[in-house]
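What follows is a single structure, written as structure tokens, with notes after it.
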Amino acid sequence: MTMNALTIKDPADLLSFIGHTLGFWPTESLVCITLDKDRVGATLRIDLPKQPGHETHFAQTVAAYLTSDERANGIVFALYTTDAPEPGEARPHRATIAALTGVLAREGIIIRDGIYVTDTTYSPYDTPPGPDIAVPLSTTEYSRVNAEFVYRGSTIEPTNQVTLPTATHKAEDASAVEHHKEAILNQPPATAVDDAHELWNGMLAAKNYPTNQNVLKLIAYFQFPHIRDRLMADIPGIDEPSVRILFAQTTQAPSWSRIEWAKQLLTHTYTLTAPQHAAPILTTIGYINRGKTEDPKPTNTSNWHSTPTPDTA
């Protein structure tokens with residue numbers, strides 16, 4: 001079912017959007033979202049610098065990613081940290097944000113607004129010392145954007161750490177995967193991709209876990225990068241070219257329930273995966289867990305911006 005474009009009206013909506021886009025609540029992170037007029041573009045999460053003196057390099061790194069969105073003319077950001085502000089400052093990492101402001105300005109991109117997020121509250125990033133205007137982070141659960149994403153089947157994990165089940169590490173399973181790999185190598189590459197696509201999509205459309213035989217065959221397909229890319233692109237259930245799906249440049253909305261089911265399938269698959277075959281499976285689980293494909297439908301942000309601050313206007 002085609003969903004209407006999301007409208008971000010306030011900071012709670014924005015934080016919900018970030019949580020569902022990433023798939024987890026960030027910690028010690030800077031999250032930037034590019035804007036083209038009032039439409040959301042790319043979402044970037046990056047660890048905050050741990051030592052002073054690296055602010056300019058950090059800002060240049062962030063800007064290099066953000067300017068890859070050629071249509072971006074502004075950003076909003078959320079800074080997630082438990083660090084205390086420096087003496088005389090209202091917010092931590094002021095030097096980092098100041099450096100980013102300058103680097104982006106040279107690229108013609110302005111920072112429209114920012115949010116300061118702790119473990120329990122959020123508030124405007126640019127606020128002078130004085131009365132506490134922090135809002136409990138739990139209020140984001142009641143935002144319109146959160147409700148919409150939950151309706152679509154999306155969830156937000158507490159962290160980006162994946163808890164894996166115990167793998168059986170049976171020698172016969174590893175041998176079966178090697179046998180399937182030999183069979184795949186004897187196929188024309190296009191045929192192998194089509195067969196893998198059919199097997200994987202059948203699993204994604206089913207309601208029960210596949211047989212061990214099909215799981216072992218899937219593990220074998222994931223060992224080949226050109227096949228793995230196709231299977232990763234199959235996860236959101238979007239009928240567009242693979243390269244656009246993998247780089248979140250699609251015009252269609254993903255199926256969040258399908259994405260969650262893919263994660264469960266791959267976690268189950270890991271239990272039958274030998275150590276020498278595990279990396280592609282873990283990579284794909286990480287792809288889902290750390291970077292959920294964001295809803296590519298335009299997202300209107302025109303109603304939520306507060307007054308631009310002196311540091312970021």
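Along the sequence shown, residues carry numbers from 1. Hydrogens, waters and symmetry mates are skipped; everything else that's a heavy atom, side chains included, is used.
- Between Arg94 and Asp126, at least one side-chain N (NZ, or NE/NH1/NH2) sits under 4.0 Å from a carboxylate O, which counts as a salt bridge.
- Residues passing the side chain to side chain contact (heavy atoms under 4.5 Å, CB included) test with Ser242, sequence neighbours excluded: Arg230, Ala233.
- Put simply, the side chain of Thr155 does not reach to within 4.5 Å of the side chain of Val150, judged on heavy atoms.
- Nearest heavy atoms, Leu137 versus Thr118: CD2-O, 4.0 Å.
- Using a 4.5 Å heavy-atom threshold, the side chains of Thr34 and Ile109 count as separate.
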Subject >> Stepwise side-chain contact (heavy atoms from CB on, under 4.5 Å) test for Val40 and Leu35 >> reply: CA-CA 5 Å; Val40 163; Leu35 303 173; 4.2 Å; yes
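- Using a 3.5 Å distance cut-off with no hydrogens or angles, the side chains of Thr7 and Arg144 do not pair a donor with an acceptor.
- Distance check: Ile115 CD1 to Leu14 CG gives 4.5 Å after rounding to the nearest 0.5 Å.
- To the nearest 0.5 angstrom, Asp10 atom CG is 8.5 Å from Thr139 atom OG1.
- Atom-to-atom distance recorded for His268:NE2 and Thr273:OG1 is 9.5 Å, nearest 0.5 angstrom.
- Within the structure, no pair that satisfies the salt bridge (charged side-chain N to carboxylate O under 4.0 Å, His left out) test touches residues 68-82, not counting sequence neighbours.
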**OP:** For side chain to side chain donor-acceptor pair (under 3.5 Å), just list the numbers for Arg45 and Thr21, CA-CA rounded to whole Å, side-chain angles, deciding distance to a tenth of an Å, and then say yes or no.
**Re:** CA-CA 10 Å; Arg45 188 213 67 84; Thr21 299; over 6 Å; no
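- Rounded to the nearest 0.5 Å, atoms CD1 (Ile18) and CZ (Phe24) are 11.0 Å apart.
- Listed by chain and residue number, His20 satisfy the side-chain hydrogen bond (donor to acceptor under 3.5 Å, both in side chains) test with Asn146 (two or more places apart in sequence, or in another chain).
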Original post:
Would Ser16 and Ser143 count as a side chain to side chain donor-acceptor pair (under 3.5 Å) if you check the C-alpha gap in whole Å, the side-chain angles of each, and the deciding distance to 0.1 Å?
Top reply: CA-CA 7 Å; Ser16 295; Ser143 75; 2.7 Å; yes
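- Counting heavy atoms from C-beta outward, Trp25 and Thr140 have side chains that approach closer than 4.5 Å.
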Indicate every side-chain donor-acceptor pair of residues 49-66 with a distance under 3.5 Å to a residue at least two apart or in another chain.
unit_1: Glu55; atom_1: OE1; unit_2: Gly53; atom_2: N; d: 3.0
unit_1: Glu55; atom_1: OE2; unit_2: Gly53; atom_2: N; d: 3.3
unit_1: Thr61; atom_1: OG1; unit_2: His57; atom_2: O; d: 3.0

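- Expressed to the nearest 0.5 Å, how far OH of Tyr116 lies from NE2 of His93 amounts to 9.0 Å.
- Hydrophobic clustering of Ile, Leu, Val, Met, Phe, Trp and Tyr side chains at less than 4.5 Å, counting indirect connections, keeps Val76 apart from Val103.
- In the displayed structure, His179 atom NE2 is contacted under 6.0 Å by at most 12 heavy atoms of other residues, nucleotides or ligands.
- By the side-chain hydrogen bond (donor to acceptor under 3.5 Å, both in side chains) test, Tyr270 is found to be paired with no residue, residues two or more places apart in sequence or in another chain being considered.
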In residues 164-171, what donor-acceptor pairs under 3.5 Å come from side-chain atoms, sequence neighbours left out?
unit_1: Thr168; atom_1: OG1; unit_2: Thr271; atom_2: O; d: 3.0

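- Take Glu86 and apply the salt bridge (Lys or Arg N to Asp or Glu O under 4.0 Å) test, not counting sequence neighbours, and it matches no residue.
- Taking CG of Asp47 as the start and OG of Ser29 as the end, the distance is 5.5 Å to the nearest 0.5 Å.
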Run the side-chain donor-acceptor check on residues 212-228: report pairs under 3.5 Å with partners two or more places apart or on a different chain.
unit_1: Gln223; atom_1: NE2; unit_2: Ile219; atom_2: O; d: 2.8
unit_1: Gln223; atom_1: NE2; unit_2: His277; atom_2: O; d: 3.1
unit_1: Arg228; atom_1: NH1; unit_2: Phe222; atom_2: O; d: 2.7

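- Scanning for side chain to side chain contact (heavy atoms under 4.5 Å, CB included) contacts around Ser257 gives Ser255, with sequence neighbours left out.
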**OP:** Take Asp83 and Leu48, measure what side-chain contact (heavy atoms from CB on, under 4.5 Å) needs, and give me the verdict at the end.
**Re:** CA-CA 10 Å; Asp83 289 349; Leu48 287 168; 5.5 Å; no
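- Closest non-hydrogen pair, Pro85 versus Ala90, comes out as CG-O, 3.6 Å.
- Around CG of Asp239, the count of heavy atoms belonging to other residues, nucleotides or ligands within 6.0 Å does not exceed 12.
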**OP:** Please assess Phe17 against Val31 for the test side-chain contact (heavy atoms from CB on, under 4.5 Å), listing each intermediate value before the final yes or no.
**Re:** CA-CA 11 Å; Phe17 178 81; Val31 178; over 6 Å; no
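- Thr96 is linked by a side-chain hydrogen bond (donor to acceptor under 3.5 Å, both in side chains) to nothing, counting only residues two or more places apart in sequence or in another chain.
- Residues satisfying the side-chain hydrogen bond (donor to acceptor under 3.5 Å, both in side chains) criterion with Thr269, sequence neighbours excluded, are absent altogether.
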Considering only distance and modelled atom types, tabulate donor-acceptor pairs under 3.5 Å from the side chains of residues 192-210, sequence neighbours left out.
unit_1: Asp195; atom_1: OD2; unit_2: Gln187; atom_2: NE2; d: 2.8
unit_1: His197; atom_1: ND1; unit_2: Asn201; atom_2: ND2; d: 3.0
unit_1: His197; atom_1: ND1; unit_2: Asp234; atom_2: OD1; d: 3.1
unit_1: His197; atom_1: ND1; unit_2: Asp234; atom_2: OD2; d: 2.9
unit_1: Trp200; atom_1: NE1; unit_2: Leu231; atom_2: O; d: 2.9
unit_1: Asn201; atom_1: OD1; unit_2: Arg258; atom_2: NH2; d: 2.6
unit_1: Asn201; atom_1: ND2; unit_2: His197; atom_2: O; d: 2.9
unit_1: Asn201; atom_1: ND2; unit_2: Asp234; atom_2: OD2; d: 3.1

Subject >> Check against side-chain contact (heavy atoms from CB on, under 4.5 Å), Val117 and Tyr122 >> reply: CA-CA 4 Å; Val117 189; Tyr122 66 91; 4.3 Å; yes
**OP:** Please test Glu260 against Lys263 for salt bridge (Lys or Arg N to Asp or Glu O under 4.0 Å), starting from the C-alpha separation and ending with a verdict.
**Re:** CA-CA 5 Å; Glu260 294 297 334; Lys263 179 180 175 181; 5.3 Å; no
